[in-house]
J.: 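Encoded as structure tokens, here's the structure I'll be asking about.
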Protein chains: 2
Amino acid sequence: MAQYFSKLDGTFQALADPTRRAVLGRLGKGPASIGELAAPFDMALPSFMKHIHHLEKTGWIRTRKTGRVRTCTLERKSFDVIETWLAEQRSIWEGRTDRLERFVTTIHDKEASE
Amino acid sequence: MAQYFSKLDGTFQALADPTRRAVLGRLGKGPASIGELAAPFDMALPSFMKHIHHLEKTGWIRTRKTGRVRTCTLERKSFDVIETWLAEQRSIWEGRTDRLERFVTTIHDKEASE
DNA sequence: GTGTAACTTAGCCAAATGGCTCAGTATTTC
DNA sequence: GAAATACTGAGCCATTTGGCTAAGTTACAC
């Protein structure tokens, strides 16, 4: 039983906050600057930045600074991490592993064709 | 944008800990007592109990005490909460809502036939 | 009816989280 | 080149988290 640190810890932790989930939702529509992303929130910018850092550190987004503007983009692969875990769990209680295998294969095919 | 408390906060928070994920994994194979669940962990029982309480409060498990033994069972519906959120996110960046609608319908059908 | 097993309650503690302000840096814009 | 814009860094603070121990409580076994 994996007791040591897992990437899943951070991946799920990131989703446990409504601000961060909202940011991911917004980024699903396309890249955005820090200012744009922060606008809807009644929160000081440094506080908001902590969420951005968290999302970046846990692999949910990538950011890049051009001039004085930092642009954030969604890292879609993180969703696969979760879907894989979900499929794994379901396969446990369905008492079979074929579903998981089929799922992982599907993901792999999608990425190969990107 | 839903800024107030969401059930998702707790749902994801519960998954952010390896002990709790392991418990869910074990419960996927069938119900178990607190003692059974705690056995693999090098942790005092009261500490472990906090994780159980957390999982119960966030709807991931149900527990019932019979005699001096408390038995825990997996609450499978919680997985659907996450799958729905995932489908919602994917539908955002795929720029359409039909996928989500299809998924929600599927879930509904499954539950109706249980 | 005493002892043991299986939790449970209470409360302590260090570290992490999620907010804040205030001051700083680096680009643009005028 | 002075001012405004868009972050960024440092550091404070309250609350939450996730561990602990020590002392109950409640059933079951003998």
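Note that the structure is predicted; figures quoted are calculated from it, not measured. Within every chain, numbering begins at 1; the chains are lettered A, B, ... in the order of the sequence lines, protein sequences first and strands thereafter. Below, each value reflects all heavy atoms present in this structure, side chains not excepted, and no hydrogens, waters or symmetry copies.
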J.: Distance check, rounded to the nearest 0.5 Å: A/I52 atom CD1 versus A/S47 atom OG?
T.: 12.0 Å

J.: Where do B/T11 and B/W60 come nearest, in terms of heavy atoms and distance?
T.: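 Residues B/T11 and B/W60, closest heavy atoms: O-NE1, 3.1 Å.
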
J.: Assess whether a salt bridge exists between A/R21 and B/E88, defined as any Lys/Arg side-chain N lying under 4.0 Å from an Asp/Glu carboxylate O.
T.: no

J.: Kindly state which residues belonging to residues 45-62 of chain B come within less than 4.0 angstrom of DNA chain D, counting heavy atoms of the residue only, listed by number.
T.: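 Contacts with DNA chain D under 4.0 Å: B/P46, B/S47, B/K50, B/H51.
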
J.: On DNA chain C, nearest-nucleotide positions of A/R68 versus B/Q13: which is more 5'?
T.: B/Q13

J.: Distance-only, no hydrogens or angles: does the A/R20 side chain make a donor-acceptor pair with backbone N or O of A/A14 under 3.5 Å?
T.: yes

J.: Do B/L27 and B/V69 share a hydrophobic cluster (ILVMFWY, side-chain heavy atoms under 4.5 Å, transitive)?
T.: no

J.: Classify the angle between the aromatic ring planes of A/W85 and B/F79 as parallel (below 30°), tilted (30 to 60°) or perpendicular (above 60°).
T.: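 Taking B/F79 first and then A/W85, their aromatic rings lie parallel (interplane angle under 30°).
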
J.: Taking for each residue the nucleotide of DNA chain C bearing the nearest heavy atom, is the 5' side occupied by B/E36 or by A/D17?
T.: B/E36

J.: Below 4.0 Å from chain B heavy atoms, what is the first contacting nucleotide of DNA chain D and what is the last?
T.: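 Listing 5' to 3', DNA chain D meets chain B from D/dG18 to D/dC28.
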
J.: List the atom of B/A16, the atom of A/Q13, and the distance in Å for their closest heavy-atom pair.
T.: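 For B/A16 versus A/Q13, the nearest heavy atoms are CB-OE1, 3.4 Å.
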
J.: Can you tell me if B/S78 uses its side chain to pair, donor with acceptor, with the backbone of B/G59 under 3.5 Å?
T.: yes

